[in-house]
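Bear in mind the structure is a predicted one, so any value in this text is a computation, not a measurement. Only this structure's heavy atoms are used, side chains among them; waters, hydrogens and symmetry mates stay out.
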Amino acid sequence: MSVPGVKSNPLILALPKGRILKDCLPLLETANIIPEPAFFDKDSRLLRFTTNDPGLDIIRVRSFDVATFVAFGTASLGVCGSDVLMEFDYSDIYAPLDLNIGRCRLSIAQLADTKNKNLEDPARWSQISVATKYPNITQRYFASKGVQADIINLHGAMELAPVLKLSSLIVDLVDTGSTLRANGLQEIKTITQISSRLIINRTALKTQSAHVNALIERFRQLVTLPNNEDIS
């Protein structure tokens, strides 16, 4: 389905690479958004793809970058985890729909055999070192508990930080917890539940409202949730 008059300057939908992309594919198919064949070619190095809608292209980027592309208007809409939205808190992003995919939690973990049981009770923390790729969320969380947190910014291999004594704690996404357990860590506190949202650039919503709202409605029909709220 295309919107008349929207051909020469298509909207761009930013999708995250990896696990969430796989969860997005059934939604796209049900919404009748069919990417060109190269999108499904694992050997293709293309990052931008046309779709069966001449008014809509897709780009494939890192999950943390989806929000940046949308916030700055280079993509009009995207699919983004609520963890990323909370971390960057972009005012130019409108998040009208919880797509009910990519569900996991953002949690605090420590070594399973730690002898300092005070780490399991936030009320008894005073100063703590935390490795995470979510420095803003982590800083806000510990500040709300009256705890001075020394944040160590990592972008991978988070579980190694306590093992190699880089930090006492980590803050990271947890799904089944199997990676934590495999590396001798245990989850001690959930900060927040996470899911993926449809996000919109606010300027695009105003300047191309007919097409953007049509796309929002196509996605809205796919999700029936009690809490499809705007978290922006």
Between Thr179 and Glu159, is any pair of side-chain heavy atoms under 4.5 Å apart? yes
Does any non-hydrogen side-chain atom of Leu99 lie less than 4.5 Å from one of Val79? yes
Would you mind reporting whether Phe72 and Thr203 have side-chain heavy atoms less than 4.5 Å apart? no
Where is the tightest heavy-atom contact between Arg60 and Ser44, given as atom of each residue plus distance? NH2-O, 4.4 Å
Please indicate whether Glu29 has more than 12 foreign heavy atoms, meaning atoms of other residues, nucleotides or ligands, lying under 6.0 Å from its CD. no
Paired with Cys24, the side-chain contact (heavy atoms from CB on, under 4.5 Å) test is passed by just one of Ile58, Leu15, Leu13, namely Leu15
Any idea which heavy atoms bring Cys104 and Leu173 closest together, and the distance? SG-CD2, 4.1 Å
Applying the side-chain contact (heavy atoms from CB on, under 4.5 Å) test to Leu106, which of Ile194, Thr132, Val174 qualifies? Ile194
Give a yes or no on whether Arg19 atom CZ has more than 12 heavy-atom contacts from other residues, nucleotides or ligands under 6.0 Å away. yes
Might you point out which heavy atoms bring Leu111 and Pro162 nearest each other, and give the distance in Å? CD1-O, 3.6 Å
Just to verify, which of Phe142, Phe64, Tyr141 counts as forming a ring-ring contact (aromatic ring centres under 6.0 Å, His included) with Tyr134? Phe64
NZ/NE/NH1/NH2 to OD/OE distance under 4.0 Å, Lys133 and Glu87: no
Do side-chain atoms of Arg103 reach the backbone of Asp175 as a donor and acceptor pair under 3.5 angstrom? no
Out of curiosity, Ser129 OG to Leu166 CG, how far, rounded to the nearest 0.5 Å? 7.5 Å
Taking the side chain as every heavy atom from C-beta outward, state whether Leu215 and Arg218 have any atom pair closer than 4.5 Å. yes
Side chains of Thr51 and Phe39, heavy atoms from C-beta outward: is any pair under 4.5 Å? no
Approximate separation, where rounding is to 0.5 Å, of Phe219 CZ and Leu198 CG: 6.0 Å
Start with the C-alpha gap between Ser195 and Asp98, add the side-chain angles, then the distance that decides, and say whether side chain to side chain donor-acceptor pair (under 3.5 Å) holds. CA-CA 7 Å; Ser195 61; Asp98 186 334; 2.9 Å; yes
